[in-house]
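In what follows, a structure is listed as structure tokens, so that the remarks can point back to it.
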Amino acid sequence: MLAKRIIPCLDVRDGKVVKGVNFEGIREVGDPVACAAEYNRQGADEIVFYDITASHEGRGVILDVVRETAKQVFVPLTVGGGIKTVDDIRETLRAGADKVSVNSQAVQNPQLIRDGADIFGSQCICVGIDAKKTKAGNWTVFINGGRIDMELDLLDWVKQIEQLGAGEICLNSIDTDGVKGGFDLPMLKAVVDAVRIPVIASGGAGKLGDFAEAFEKTDCSAALAASLFHFHELTVDEVKADCRSKGIIVR
Amino acid sequence: MIGIVDYGAGNIFSVKHALDYLGMENMLTDDPAMLRKADAVILPGVGAFPAAMRMLTQKGLVSAVQEAAKQKPLLGICLGMQMLLEKSYEFEECAGLGLIPGTVEPLDAPGLIIPHMGWNKLEMGVDCPLLHGLGERPYVYFVHSFAAKCAEKDLAAWVTYGSKVPAMVYNGSYVFGAQFHPEKSGEVGLQILRNFGGLV
């Protein structure tokens, strides 16, 4: 049986690990390569680097981080943030990433998903989504770190992503991100039920049981958290032990 | 010295990084003469079967890999494992290296997500030196949409994903094939590569 994955995410700016709360008031600490190695030791099933550097110079820094990590960490690595073109995807995979995660750029240029999947294979292309509930009760997709509402219906978007050949969706809820009250289960379930590609739950994990709850109440394939692991509130192995004790299959 | 076949497909650097990390001497090469000199050969691969076989053929590597299979340890990884079989039906019918009897066919996993991507637990078949000492939870990392069909006598490990999916094939002497990525399978994967190094 395929195991449910627990994925720590490292938000990296200018080569350092940071983690924001609701994308505002970012706190800074840590060397990303050392953090990745520690997560590997704790049993992380995959490690995500999310590059929140906007500048061009920052791009080279994140690729160096990936290159260094790939020499000592032997689990799949995903890189997101700042990926705008097929050349960016190629460069990132060459640096040692196994997958890329595209977000704002995919919304503005959906063809990037198709081109990436055609050239490098669907399994390399994860589409990251930041979404938020509307007053009408549906969810819409936001870009630029949750700042701009594209007024694009979430469920329409995920179906389009799947048709374009994306291999995976990483779904972040702006409403629950950084709040630590648990994943956004209604949103997660709606998306998981709308597509057949794997969905990673993101945004909102605050305590041990939140991960198992996401796996028990939805068919999501993986769950991701950043600050929770980064500030040592929980370790990956603690989360896995909790899932295992509840009969959820984890590595 | 382990020769890693560099025929222009896939993320071969992760295989190299893993061998470097383990202190196992290796080289990337597309030169048949270098493969003949190597003490063991790894055939990596990500991508489509026909394109990969074409590249191997164009570079004159087919006979070098087939010869290696008779004389020294050979490990095919992912698509490299599938190429060890006789033929594949990915896109078109295409001959493989014919080192393990059997074919490569679409994964039989009705209702499940394709590709089979993620960590799955090995169930052991025929005894295989690469699979010794893997501990109680031998989870390894898979990414594939096609799978081998082969005889039980060549099946060293499988996983369950809709059906019984061959994970490691072994011909009982020098030829090994891993459908999963040992170079991305954490400590279990590193142990498999260490075991392979131990045969050199």
Side-chain angles (χ1 to χ4, degrees), chain A residues 1-7 37 39-47 66-77 90 92-99 117-126 162 165 167-169 192 195-200 219-222 236 240 244 249-251, chain B residues 9-22 45-48 51 78-79 107 109-123 135-146 159-162 164-165 180-194:
Chain A
M1 283 285 288
L2 200 59
K4 299 290 185 182
R5 288 171 282 154
I6 304 295
I7 306 175
Y39 287 152
N40 178 47
R41 203 194 54 73
Q42 292 178 9
D45 294 311
E46 204 169 307
I47 292 163
V66 176
R67 240 172 247 126
E68 235 8 81
T69 306
K71 287 179 191 164
Q72 44 185 297
V73 173
F74 300 100
V75 297
L77 304 177
R90 180 178 293 115
T92 308
L93 296 176
R94 279 213 181 145
D98 298 280
K99 306 181 201 178
D118 283 350
I119 298 170
F120 307 106
S122 288
Q123 81 287 342
C124 298
I125 311 296
C126 175
E162 181 176 37
E168 191 165 60
I169 289 169
V192 169
V195 294
R196 281 199 57 202
I197 53 180
V199 179
I200 303 170
D219 286 327
C220 67
S221 300
V236 176
K240 288 186 153 185
R244 212 172 278 127
I249 295 173
V250 289
R251 175 168 75 107
Chain B
N11 184 5
I12 47 177
F13 289 103
S14 54
V15 175
K16 178 166 178 50
H17 287 326
L19 297 185
D20 288 345
Y21 179 82
L22 294 169
V46 176
C78 197
L79 180 61
L107 264 173
L112 295 180
I113 292 163
I114 302 288
H116 169 219
M117 181 174 73
W119 297 82
N120 210 327
K121 192 178 172 189
L122 296 177
E123 307 285 342
E136 282 175 26
R137 289 207 304 272
Y139 277 93
V140 290
Y141 188 75
F142 290 84
V143 185
H144 63 122
S145 305
F146 284 74
V159 295
T160 303
Y161 193 68
K164 187 170 167 178
V165 178
F180 53 92
H181 288 273
E183 76 283 12
K184 286 286 164 185
S185 294
E187 187 46 47
V188 170
L190 293 176
Q191 185 58 43
I192 290 169
L193 292 175
R194 235 179 249 126

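Reminder, nothing fancy here: chain letters follow the sequence lines and each chain counts from 1. Keep in mind the model is a prediction, meaning the values are calculated, not measured.
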Select one option (side chain, backbone, both, neither) describing which atoms of [X] are under 4.5 Å from chain A's heavy atoms.
X	result
H116(B)	side chain
L112(B)	backbone
S185(B)	backbone

- Hey, is K184(B) close enough to D98(A) for a salt bridge, meaning N to O under 4.0 Å? yes

What is the distance from atom [atom1] of [X] to atom [atom2] of [Y], rounded to the nearest 0.5 Å?
X	Y	atom1	atom2	result
I114(B)	I197(A)	CD1	CD1	13.5 Å
T160(B)	M1(A)	OG1	CE	9.0 Å
D20(B)	Q72(A)	CG	CD	12.5 Å
Y141(B)	E46(A)	OH	CD	5.0 Å

- Measure distances from R251(A) to the heavy atoms of chain B and classify the residue's part below 4.5 Å as side chain, backbone, both or neither. both

- Side chain, backbone, both or neither: which part of L2(A) has a heavy atom under 4.5 Å from chain B? both

Taking C-beta and beyond as the side chain, do [X] and [Y] meet within less than 4.5 Å on heavy atoms?
X	Y	answer
R244(A)	R137(B)	yes
V75(A)	W119(B)	yes
Q123(A)	V143(B)	yes

- Message: If you compare all heavy atoms of Y21(B) against all heavy atoms of K71(A), which two are closest, and at what distance to 0.1 Å?
- Response: CD1-O, 3.7 Å

- Item | Smallest separation among heavy atoms of F74(A) and S14(B), with atom names | CE2-O, 4.4 Å

- Message: Please rank G167(A), P76(A), S221(A) by heavy-atom pairs under 4.5 Å with chain B and give me the top one.
- Response: P76(A)

- Message: As a quick check of understanding, evaluate side chain to side chain contact (heavy atoms under 4.5 Å, CB included) for K99(A) and M117(B), giving each step before the final call.
- Response: CA-CA 12 Å; K99(A) 306 181 201 178; M117(B) 181 174 73; 3.8 Å; yes

